[in-house]
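Every chain is numbered from 1 and lettered A, B, ... according to where its sequence line falls, protein lines coming before strand lines.
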Amino acid sequence: MKVLCVAEKPSISKSISQILSGGRFATRATGSNFVKNYDFDYPQTNAHFTVTCVAGHLLEHDFAETHRKWQTCDPFALFEAPIVTSVAKDKKAIEANLRAEARNADQLMIWTDCDREGENIGAEIVSVCRQSKRNIVVKRARFSAIIAQQIHNAAQHPINLDMAQAAAVDARIFLDLRIGAAFTRMQTMSLQDIFKQHITSVVSYGPCQFPTLGFVVSRYNQVQAFQPEQFWYIYLALTSNTSQEQEETPFNWRRGHLFEFDVALAIYEDVLRHPRARVIKVTKKETKKWKPYPLTTVELQKAGSRLLKLAPKKVLDIAEKLYQGGFLSYPRTETDQFDPQFDFMTLIAKQTVDPAWGAFATGLRDNNGFTTPRKGKNNDQAHPPIHPTAHAGNLTGDDKRVYEFITRRFLACCSKDALGFQTTVDVEYGGEEFSATGLIVLERNYLEVYPYDKWSSKELPDFQEGEEFVPSICELRDGWTTKPTLLTEADLVTLMDKNGIGTDATIAQHIETIIDRGYVLARMEGATKYLVPSTLGIGLIDGYNEIGFDRSLSKPQLRRQTERSMVEVCQGTKTKNDMLAESIDQYKEMFIKARREFQKVITNVRTRLEGGGNACCCPRTPSRRIR
DNA sequence: GCAAGGTC
């Protein structure tokens, strides 16, 4: 029997060929540079296998010719207009390969990732293969990791494609296209009519773009509306003379700070009547600073933005390149736990030659330094956490920095938590409680290889329980609440991830899109990049908010609802057509309301375009003494 | 000229 296996991407087709054939396979080139066909016998099922792959989705969807031109139809018609499906231009060579291989096969076995998109891509592969071999038998291999035992099991006990999952993705594809195109055309044409000089490019709407923009605008509005508030607190400190230097040990007031001056003053005056403070408790305990979790795509992007100052999209592009070069594992993963069978030692050994972290890697390998990585809560059942697969000695610039971060993170995960010794001193003074905390770092462990985390010792004088002292400083001080900062890219990635806007592979793209479309500008303050909404971005979001929908176009709830509907389609409690009909009705209604009241958006954009810049500033008052 | 999701 001849079996044609099709994976979602080249790396997987190669891995499963290596495993199933025990490394003895023949390689054939195809019309696509990235795709190879691998041939071998698989005696376990008495079959001949050919393993190949696609590169993500094969099909693309667009409106039929009648509705492709902007001027020739009402955007509202796009909710019902016919959609045509075709093989994407850059996928024609892959399609040709599938057709040719299917012709010679008795069975088609789908090896795409085991998630919704994978199921849908599987259905696309089936539709192409059936065009050259109508009656080909279709099976689906089920695997959750590229591990020999699992891959053999998948090959020997295939199941069927889950058409419900494929259908749920179809619904999402159609819905996003209809909503996106209808709103984009309506917005663009209305605004360009009025603001010819200002708005020349597309004013896009997307069910992920707009909530993303909504986060940026919402924070901006919070910053604008912020009113600083004054607060008061008791500052208590003891100055001690240790080895010629004067050391000030500050104590934190248990009450934190108070916003009522009269109350703070009354307490303060009461406290001052007492001459001495008394140590009521000294707590000493071992403490740990935990090593980081294994690295996911979202965490890589956050760290890249915060620590390396690289845009999320840039980090992902570099990781993709390093993956292509064989230096990194697959960079799009939600998994933050390593499989128990993962071969850590071989990978650690590859890093022992590095001039910067080689000695640390050697310590992990030879001196009992290795400890199994912590397990996070996420597993996409398809890819391991991001890790280096080979040593890279010749990288430069940002490539080098990204590789270094990923490698240090991996070695840190395989190391031990840092150990310290913490002392807490609780003090009573005039009926009020204060405390100070000291730390001695005993073993740096993972921190030696992971300079991105900071943990330093803070010494305290040796206080004894029951000891009394006269405070050197006891003052009523004031301060002001500080305004929130604008969003950073790392903050935005976190918000999107939490609210289910986009996926690990697309979050960075959505951020780039709202910048490209001129909705958001990046502003550097020192070394930190903040996201500032443009006049257009604010005008759109505030305008739609003013129109007022049951579920806001600029908030994550609508996307969450789409997600929920997809789950129902997957579970079989709803059909794809029901989901589409419900959603489209809902969006049609919103579209009609949006268009009827679009003047509110126009007014918002106009006020801001004519009102000038986005500058916002609030004075930041340093803390000062009252007495 | 529109979306979001895979992938290169």
Side-chain angles (χ1 to χ4, degrees), chain A residues 6-13 32-36 53-63 67-73 75-79 81 83 88-91 93-94 112-113 115-125 165-166 168-189 191-192 199-212 297 316-317 319-321 323-325 330-333 380 382-383 496 500-514 516-517 553 558-559 562-563 566 583 587 591:
Chain A
V6 186
E8 189 162 317
K9 46 188 163 268
S11 64
I12 301 285
S13 64
S32 162
N33 280 337
F34 307 109
V35 177
K36 304 268 183 292
C53 68
V54 290
H57 284 284
L58 277 171
L59 304 183
E60 65 180 17
H61 309 265
D62 203 354
F63 296 107
H67 290 77
R68 223 168 273 186
K69 291 232 164 57
W70 284 42
Q71 307 298 336
T72 52
C73 74
F76 186 73
L78 298 175
F79 286 112
I83 289 175
K89 249 205 196 105
D90 55 343
K91 301 291 168 63
I94 297 177
T112 50
D113 294 355
D115 52 27
R116 276 191 321 229
E117 294 295 332
E119 229 59 27
N120 186 271
I121 292 168
E124 293 180 1
I125 294 166
Q165 289 192 54
V169 171
D170 270 341
R172 196 262 306 147
I173 291 171
F174 286 94
L175 193 60
D176 287 348
L177 175 60
R178 292 189 189 284
I179 302 163
F183 276 88
T184 298
R185 290 188 193 183
M186 186 272 284
Q187 283 183 173
T188 305
M189 294 192 287
L191 290 167
Q192 279 181 355
I199 297 173
T200 46
S201 59
V202 173
V203 187
S204 61
Y205 174 86
C208 287
Q209 288 174 36
F210 257 52
T212 304
T297 307
L316 199 49
D317 287 349
E320 171 73 22
K321 196 169 82 182
Y323 158 67
Q324 298 296 342
Y330 191 66
R332 287 182 283 273
T333 175
D380 63 17
H383 311 283
M496 294 172 73
I501 301 300
T503 68
D504 51 0
T506 61
I507 281 177
Q509 285 173 30
H510 295 312
I511 298 176
E512 201 174 70
T513 302
I514 61 171
D516 287 348
R517 294 282 147 77
L553 285 169
L558 274 168
R559 192 65 185 168
T562 303
E563 187 66 28
M566 286 175 80
S583 303
Y587 275 98
F591 182 92

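Using a 4.0 Å heavy-atom distance criterion, H61(A) is classed as a base contact. Residue Q187(A) is classed as having no contact, given no heavy-atom separation below 4.0 Å to the nucleic acid. Counting non-hydrogen atoms under 4.0 angstrom, G502(A) reaches the backbone sugars and phosphates but no base. No engagement by E124(A) is indicated, since no non-hydrogen atom pair under 4.0 Å with the nucleic acid exists. Residue R178(A) is out of contact with every strand shown, counting any heavy-atom pair closer than 4.0 Å. Across all strands shown, R559(A) has heavy atoms under 4.0 Å from sugar-phosphate atoms exclusively, and none from any base. Note on P10(A): only backbone sugar-phosphate atoms sit closer than 4.0 angstrom, heavy atoms only; bases stay farther off. Note on F183(A): nothing from the nucleic acid sits closer than 4.0 angstrom, heavy atoms only. Residue contacts for T112(A): at a heavy-atom cut-off of 4.0 Å it reaches no nucleic acid atom on any strand shown. Among the heavy atoms of the strands, none lies under 4.0 Å from D90(A). Note on G56(A): a base of the nucleic acid sits closer than 4.0 angstrom, heavy atoms only. Residue Q509(A) is classed as a base contact, given a heavy-atom separation below 4.0 Å to a base. Using a 4.0 Å heavy-atom distance criterion, I173(A) is classed as a base contact.
When distances are taken from the side chain of I121(A) to each of dA3(B), dG6(B), dC2(B), the shortest belongs to dG6(B). Looking at the side chain of V202(A), the nearest of the listed nucleotides dG6(B), dG1(B), dC8(B) is dG1(B). Here the side chain of Y330(A) is nearest to one of dC2(B), dC8(B), dG5(B), namely dC8(B). Closest to the K9(A) side chain, of the nucleotides dG5(B), dC2(B), dT7(B), is dT7(B). Among the nucleotides dC8(B), dG6(B), dG1(B), the one closest to any side-chain atom of Q324(A) is dC8(B).
Residue R172(A) has no polar side-chain atom (N or O) positioned under 4.0 Å from OP1 or OP2 of dG5(B). Listed pair H510(A) / dG5(B) meets the phosphate criterion, a side-chain N or O lying under 4.0 Å from OP1 or OP2. The shortest distance between the side-chain N/O atoms of S204(A) and the OP1/OP2 oxygens of dG1(B) is not below 4.0 Å. Considering only side-chain N and O atoms, T506(A) lies under 4.0 angstrom from the phosphate OP1 or OP2 of dG5(B). At dC8(B), one or more side-chain N or O atoms of R332(A) fall inside 4.0 Å of OP1 or OP2 (strictly under the cut-off). The phosphate of dA3(B) has neither OP1 nor OP2 within less than 4.0 Å of any side-chain N or O from R185(A).
Although no hydrogens or angles enter the test, the distance criterion places a donor-acceptor pair under 3.5 Å between the side chain of K91(A) and the main chain of H57(A). The backbone N or O of P10(A) sits less than 3.5 Å from a side-chain atom of S13(A), completing a donor-acceptor pair. Remark: the backbone N or O of E119(A) is not paired with any side-chain donor or acceptor of Q165(A) at under 3.5 angstrom. Q192(A) places a side-chain N or O within donor-acceptor distance of the main-chain N or O of S201(A), the cut-off being under 3.5 Å. Between the side chain of T112(A) and the main chain of A7(A), no donor-acceptor pair closer than 3.5 Å is present. A side-chain donor-acceptor contact under 3.5 Å links T297(A) to the backbone of T333(A).
Residue side chain Y205(A) fails the stacking definition with respect to dA3(B), as its ring centre and the base's six-membered ring centre are not both under 5.5 angstrom apart and under 30 degrees in plane angle.
Taking atom CD1 on I94(A) and atom P on dG6(B), their separation rounds to 17 Å, with Å as the unit. Atom pair N120(A):CG and dA3(B):P shows a separation of 20 Å (rounding to whole Å applied). When rounded to the nearest whole Å, the span between CD1 of I514(A) and P of dA3(B) equals 13 Å. Regarding R68(A), its CZ atom lies at a distance of 10 Å from the P atom of dG1(B), rounded to whole Å. Following rounding to the nearest Å, L59(A) (CG) and dT7(B) (P) show an atom-to-atom distance of 16 Å. Following rounding to the nearest Å, N33(A) (CG) and dT7(B) (C1') show an atom-to-atom distance of 15 Å. Spacing between atom CD1 of I501(A) and atom C1' of dG5(B) amounts to 14 Å, rounded to whole angstrom units. Rounded to whole Å, the distance from OH on Y323(A) to C1' on dG6(B) is 13 Å.
Nearest-nucleotide mapping onto DNA chain B: of V54(A) and Q71(A), the residue sitting toward the 5' end is Q71(A).
The pair E60(A)-K89(A) does not meet the salt-bridge criterion, since no charged nitrogen lies less than 4.0 angstrom from a carboxylate oxygen.
Taking the centre of each ring, F79(A) and Y587(A) stay at or above the 6.0 Å mark.
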